[in-house]
Asker: 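The structure is given below, and queries will be raised subsequently.
The figures that follow rest on heavy atoms only: side chains count, while hydrogens, waters and symmetry mates do not.
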Amino acid sequence: MNLLEVFGDLWPMLVTGIGTTLQVTVISLVIAMVVGILVCLMHISEYKVLRGIAKFYIWIIRGTPMLVQGFYVYFALPQLIQSMGNSDFRVDIMTASILTLTLNAGAYISEIFRGAIESVPKGQMEASRSLGVSYATSMRKIIIPQAVRICLPSLVNQCIITLKDSTILYAIGLTEVMYQAKIFVGRTMESFATYTWVAVMFLVITSVLMIVSRQIEKRMHA
């Protein structure tokens, strides 16, 4: 079979797989943005306990491979909870995948936000507080909007990384693109053509994201 013939047979499976990939990635990133902001605020908090929790979470996530995190969430965590008396506890593959991507991306997004916030001149916060504006309001209306502009390219890059990392989760049974491709290869033995089309599909998606990111940056800095 040539590339075009393989594409004709592979296309329905790729559509199914990329649908699952995008669904898991988008849901995970939306939640991860919230997690990242909260962890970032904990990390820069004046309370040692909150800083300690944030640092521990980031240390765990950045210090372990995402594949290990996925196996832990899908296999190890349910077993731990079952051993504590809840014998019926289960985590389905979709939930485990979303949770894994969320926890992983959340840690990196928190560091992206923290770096952006710390790059905003401290004098702006001091001036705002001297005018009687509360810390929370100063962060929400002055610091965070500037930080978002600064960290936008890094956030888009993290979105692309998370999209690509989602392929790792085929190892726990998520029926995403690589899972579908592996099934097709097992049936046809067309490894070269199959994985070429998978690579092309990811290149197209990530290229579109990068173009959109550049357009957003231009509008924000106009």
Side-chain angles (χ1 to χ4, degrees), residues 24-86 89-91 95-130 132-166 168-169 172:
V24 169
T25 302
V26 170
I27 294 173
S28 300
L29 285 171
V30 169
I31 303 173
M33 289 292 177
V34 178
V35 171
I37 293 172
L38 291 176
V39 173
C40 170
L41 294 176
M42 291 170 63
H43 202 161
I44 63 177
S45 170
E46 59 183 9
Y47 299 105
K48 289 184 179 180
V49 174
L50 294 180
R51 292 203 306 269
I53 293 172
K55 289 179 180 179
F56 181 76
Y57 162 62
I58 294 169
W59 173 66
I60 290 291
I61 296 299
R62 295 180 70 177
T64 56
M66 198 177 77
L67 181 59
V68 174
Q69 296 163 16
F71 272 68
Y72 195 89
V73 171
Y74 188 59
F75 295 110
L77 187 60
Q79 186 180 56
L80 174 63
I81 295 176
Q82 289 168 12
S83 69
M84 297 171 66
N86 190 352
F89 184 81
R90 298 287 187 278
V91 178
T95 301
S97 300
I98 291 172
L99 184 56
T100 301
L101 287 175
T102 297
L103 292 173
N104 187 275
Y108 290 97
I109 289 172
S110 71
E111 289 294 89
I112 291 171
F113 274 120
R114 185 171 69 90
I117 288 173
E118 291 180 347
S119 68
V120 176
K122 293 182 179 179
Q124 296 194 29
M125 173 62 80
E126 294 170 356
S128 176
R129 296 304 303 276
S130 68
V133 182
S134 68
Y135 177 83
T137 303
S138 299
M139 287 293 293
R140 181 166 51 89
K141 292 189 174 182
I142 300 173
I143 306 301
I144 290 180
Q146 294 182 73
V148 169
R149 289 192 176 193
I150 294 170
C151 71
L152 183 61
S154 297
L155 283 177
V156 174
N157 186 54
Q158 181 58 48
C159 291
I160 293 172
I161 290 172
T162 300
L163 173 67
K164 293 187 294 184
D165 283 351
S166 66
I168 295 173
L169 297 174
I172 64 172

Asker: Hey, what do you get for CD (E118) to CD1 (I143), rounding to the nearest 0.5 Å?
Answerer: 11.5 Å
Asker: Sequence neighbours excluded, which residues qualify as ring pair (Phe, Tyr, Trp, His ring centres under 6.0 Å) partners of Y72?
Answerer: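 Here no residue qualifies.
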Asker: Mind checking whether P78 and R90 have side chains closer than 4.5 Å, heavy atoms only?
Answerer: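 Result no, sub-4.5 Å side-chain heavy-atom pair not found.
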Asker: I'd like to check the ring pair (Phe, Tyr, Trp, His ring centres under 6.0 Å) partners of Y47; sequence neighbours left out, ordered by chain and number.
Answerer: none
Asker: Applying salt bridge (charged side-chain N to carboxylate O under 4.0 Å, His left out), which residue pairs with at least one partner in residues 96-110 are found, sequence neighbours left out?
Answerer: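 For residues 96-110: none.
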Asker: Quick check: closest heavy atoms across Y74 and A96, and the distance to 0.1 Å?
Answerer: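 Answer, listing the atom of Y74 first, then A96: CD1-CB, 3.7 Å.
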Asker: State which residues pass side-chain hydrogen bond (donor to acceptor under 3.5 Å, both in side chains) with Q158; sequence neighbours excluded, sorted by chain then number.
Answerer: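 Expected list: T162.
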Asker: Taking side-chain hydrogen bond (donor to acceptor under 3.5 Å, both in side chains) as the test, write out the residues that go with S45, two or more places apart.
Answerer: none
Asker: Closest approach of V35 and G106, non-hydrogen atoms and distance?
Answerer: CG1-CA, 4.3 Å
Asker: Which distance, rounded to the nearest 0.5 Å, do you find between the CD of Q79 and the CD of Q82?
Answerer: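 Q79 atom CD to Q82 atom CD measures 7.0 Å (nearest 0.5 Å).
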Asker: Can you measure from CD1 (I58) to NE2 (H43) and round to the nearest 0.5 angstrom?
Answerer: 5.0 Å
Asker: Residues two or more places apart in sequence or in another chain: which of them pass side-chain hydrogen bond (donor to acceptor under 3.5 Å, both in side chains) with S119?
Answerer: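 Applying side-chain hydrogen bond (donor to acceptor under 3.5 Å, both in side chains) to S119 gives none.
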Asker: Write down the atom of C40, the atom of S110, and the distance for their closest heavy-atom approach.
Answerer: CB-O, 3.6 Å
Asker: Quick one: CD1 on I31 to CG on L101, what's the gap to the nearest 0.5 Å?
Answerer: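 One gets 10.5 Å once the value is rounded to the nearest 0.5 Å.
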Asker: For the backbone of V91 and the side chain of T95, can you confirm whether one donor and one acceptor N or O come within less than 3.5 Å of each other?
Answerer: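 Pair absent, no side-chain N/O of T95 close to backbone of V91.
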Asker: Would you say that I117 contacts V120 through its side chain, given a criterion of any heavy-atom pair below 4.5 Å between the two side chains?
Answerer: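 Result no, sub-4.5 Å side-chain heavy-atom pair not found.
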Asker: Which heavy atom of L169 sits nearest to which heavy atom of T100, and what is that distance?
Answerer: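 So the minimum-distance heavy-atom pair works out to CD2-CG2, 4.1 Å.
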Asker: Go through the structure and list residues passing side chain to side chain contact (heavy atoms under 4.5 Å, CB included) with V34, not counting sequence neighbours.
Answerer: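 With sequence neighbours excluded, V34 shows a side chain to side chain contact (heavy atoms under 4.5 Å, CB included) to L38, given in chain and number order.
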Asker: Of all heavy-atom pairs between I60 and T64, which one has the smallest distance, and what is that distance?
Answerer: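 Shortest heavy-atom separation between I60 and T64 comes out as O-OG1, 2.8 Å.
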Asker: With sequence neighbours left out, write down each residue that passes side chain to side chain contact (heavy atoms under 4.5 Å, CB included) with I168, or none if nothing qualifies.
Answerer: M66, L67, D165
Asker: Say you draw a straight line from CD of Q69 to CD1 of I61; how long is it, rounded to the nearest 0.5 Å?
Answerer: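 Separation between the atoms: 4.0 Å.
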Asker: Mind checking side-chain hydrogen bond (donor to acceptor under 3.5 Å, both in side chains) for S154 and listing every partner two or more places apart, or none if nothing turns up?
Answerer: none
Asker: Please collect all salt bridge (charged side-chain N to carboxylate O under 4.0 Å, His left out) contacts where either partner lies in residues 45-63, sequence neighbours excluded, each pair once.
Answerer: R62-E111
Asker: Not counting sequence neighbours, which residues clear ring pair (Phe, Tyr, Trp, His ring centres under 6.0 Å) with F71? List them please.
Answerer: F75
Asker: Measure the spacing between CG of N104 and OG of S166 and express it to the nearest 0.5 Å.
Answerer: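 So the CG of N104 and the OG of S166 are separated by 11.5 Å.
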Asker: Under the rule for side chain to side chain contact (heavy atoms under 4.5 Å, CB included), what residues qualify as partners of L155, not counting sequence neighbours?
Answerer: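 Side chain to side chain contact (heavy atoms under 4.5 Å, CB included) check on L155 returns M33, I109, I112, F113, C151.
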